[in-house]
S.K.: 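I'd like to ask some things about the structure below.
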Amino acid sequence: MRIAVTGASGLIGSALVRSLRAEGAAGGPGGDVAEGAGTGPAGGAGGGPSRGPGGGHEVVRLVRRPPRAADEVRWDPARQFVDTAGLVGCEAVVHLAGAGVGDRRWSEEYKKKIRDSRVLGTAAIAEAVASMEEPPRVLVCGSAIGYYGDTGDRAVDESAPPGEGFLPRVCEEWEAAAAPAEEAGVRVAFARTGLVVAREGGAWGRLFPIFRAGLGGRLGSGDQFWSFISLEDEVAALRHIVDTDTLSGPVNLTAPEPLTNREVTAAMGRVLNRPTLLTVPPVALRVFLGEFAEDVLGSQRVVPRKLLDSGFAFSHPSIDEAIRAALD
């Protein structure tokens, strides 16, 4: 299968590209991922052959600069430009590009970047797909469980309405921007991703060094729910969505049982064999993170109902397994 990927140099995108190139078929219901697909930096997302040595999928990477490799295609979301000639023959597009939500303190300028990188990028991809004479059969758009806002102790699945605040508004606009592809008859799914447990980036990329140094601890009360997923399961779930014709609309990519920050903290200490006696008070988080602190302290108890109902099997359903997988 020929598959196009945006955000191919990011944490999730690079692991996805590596997995797709390594294998030609997703395997069982969990979409078996090639060994090592959840570890290492951008590895297989670099230049070179677009097929893996085992005859894996042909991957096309969308890049914002002039293409430098045979597997690269130019796009410019700010100008709403996609070189659709490079997408000819693609059966699927996996759109993961977007500015990191927690990469820096939120200024009004950076909040605009967070929003525009998602909404404009998705609009560009959706309109490009819709304009093709033979469009891909499926478009998988990245999204986030930030859609639900603070759910407190209430467990929510894909049927829940959006929450309130900046991130829920962004997620609503983000997903709505894919409408042109849906109207063109393309199956569109929104991968609402939780906190990805990975050593190389994301929230856990920052947590691992702190906990290894014995300085880890709960954030605020620790009672807020964290909905996590291992990087390997994230990649397998994306491939499962591509391969499962019955999956469309929002799909939560989180482990089956969310845990509180207190429980996650205890697991980090247990797996890393380090003390977790410290507590980061809310006021400190607000000083360092600004507005984003409210989302860090918020609770999101999200369950992956659609994935489970479609037969997806998690490789790392527990937090201990997800942490150990990130360390392998």
Side-chain angles (χ1 to χ4, degrees), residues 1-8 10 12-13 16-17 20 57-64 67 72-99 101 111-148 158-159 161-162 166-193 237-253 306:
M1 186 188 299
R2 180 174 166 89
I3 301 175
V5 179
T6 75
I12 298 170
L16 175 63
V17 169
L20 289 170
H57 295 292
E58 181 182 0
V59 178
V60 174
R61 297 177 298 134
L62 277 73
V63 297
R64 291 177 172 84
E72 294 181 342
V73 171
R74 182 75 181 270
W75 80 308
D76 185 341
R79 293 196 301 115
Q80 297 291 283
F81 168 76
V82 179
D83 181 4
T84 54
L87 301 183
V88 172
C90 285
E91 294 184 54
V93 175
V94 182
H95 170 49
L96 302 174
V101 170
K111 286 168 67 176
K112 184 177 186 300
K113 182 175 182 179
I114 290 172
R115 184 260 181 203
D116 288 354
S117 66
R118 287 161 171 76
V119 176
L120 298 182
T122 300
I125 292 295
E127 289 169 7
V129 164
S131 73
M132 296 177 65
E133 186 174 333
E134 293 187 22
R137 62 179 178 82
V138 59
L139 169 61
V140 180
C141 291
S143 187
I145 61 170
Y147 176 93
Y148 304 107
E158 292 87 352
S159 65
F166 172 68
L167 289 182
R169 287 196 303 273
V170 168
C171 289
E172 279 193 275
E173 290 186 70
W174 190 2
E175 295 182 5
E182 292 179 296
E183 293 165 1
V186 175
R187 176 169 65 92
V188 177
F190 305 104
R192 292 180 180 167
T193 295
L238 289 169
R239 294 183 59 172
H240 178 74
I241 294 171
V242 168
D243 292 337
T244 306
D245 291 339
T246 56
L247 283 175
S248 62
V251 183
N252 293 336
L253 271 58
K306 282 189 174 181

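Numbers here are sequence positions counted from 1.
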S.K.: Nearest 0.5 Å, what's the CH2-CZ distance between Trp174 and Phe190?
M.R.: 10.5 Å

S.K.: What's the shortest heavy-atom distance between Met1 and Asp243, and which atoms?
M.R.: CE-OD1, 4.1 Å

S.K.: Is there a donor-acceptor contact under 3.5 Å from the side chain of Arg64 to the main chain of Arg74?
M.R.: no

S.K.: With salt bridge (charged side-chain N to carboxylate O under 4.0 Å, His left out) as the test, pick out the partner of Glu91 among Arg2, Arg187, Arg137.
M.R.: Arg137

S.K.: Is the backbone of Val88 close enough, under 3.5 Å, to the side chain of Glu134 for a donor and an acceptor to pair up by distance?
M.R.: no

S.K.: Atom CD1 of Ile125 and atom OG1 of Thr84: how far apart are they, to the nearest 0.5 Å?
M.R.: 10.5 Å

S.K.: Quick one: closest heavy-atom pair of Cys141 and Ala178, and the distance?
M.R.: SG-CB, 4.2 Å

S.K.: In this structure, which one of Asp76, Val82, Val5 forms a side chain to side chain contact (heavy atoms under 4.5 Å, CB included) with Leu62?
M.R.: Val82

S.K.: Ignoring hydrogens and geometry, is there a side-chain-to-backbone donor-acceptor pair from Ser117 to Ile114 under 3.5 Å?
M.R.: yes

S.K.: Show the nearest heavy-atom pair for residues Pro180 and Ala177, with the distance to one decimal.
M.R.: CD-O, 3.4 Å

S.K.: Which heavy-atom pair separates Ala124 from Pro77 by the least distance, and what is that distance?
M.R.: CB-CA, 4.3 Å

S.K.: With a 4.5 Å heavy-atom cut-off, do Val251 and Val140 have their side chains touching?
M.R.: no

S.K.: Partners of Arg192 by side-chain hydrogen bond (donor to acceptor under 3.5 Å, both in side chains), sequence neighbours excluded?
M.R.: Tyr148, Glu175

S.K.: Tell me, do Val94 and Leu20 make a side-chain contact under 4.5 Å, heavy atoms counted?
M.R.: no

S.K.: Less than 4.5 Å apart, any side-chain heavy atom of Leu253 and any of Ile241?
M.R.: yes

S.K.: Would you confirm whether Lys306, through its side chain, and Pro250, through its main-chain N or O, come within 3.5 Å as a donor-acceptor pair?
M.R.: yes

S.K.: Taking all non-hydrogen atoms of both residues, which atom of Ala92 and which atom of Pro136 are closest, and how far apart?
M.R.: N-CB, 3.9 Å

S.K.: Say you draw a straight line from OG1 of Thr6 to CZ of Arg61; how long is it, rounded to the nearest 0.5 Å?
M.R.: 12.5 Å

S.K.: Quick one: CH2 on Trp75 to CD on Gln80, what's the gap to the nearest 0.5 Å?
M.R.: 9.0 Å

S.K.: For the residue pair Val101 and Arg118, what are the closest heavy atoms and their distance?
M.R.: CG2-NH2, 3.5 Å

S.K.: Once rounded to the nearest 0.5 Å, what's the spacing between atom CG of Leu96 and atom CG of Leu16?
M.R.: 6.5 Å

S.K.: What's the spacing between Leu139 CG and Cys90 SG if we round to 0.5 Å?
M.R.: 11.5 Å

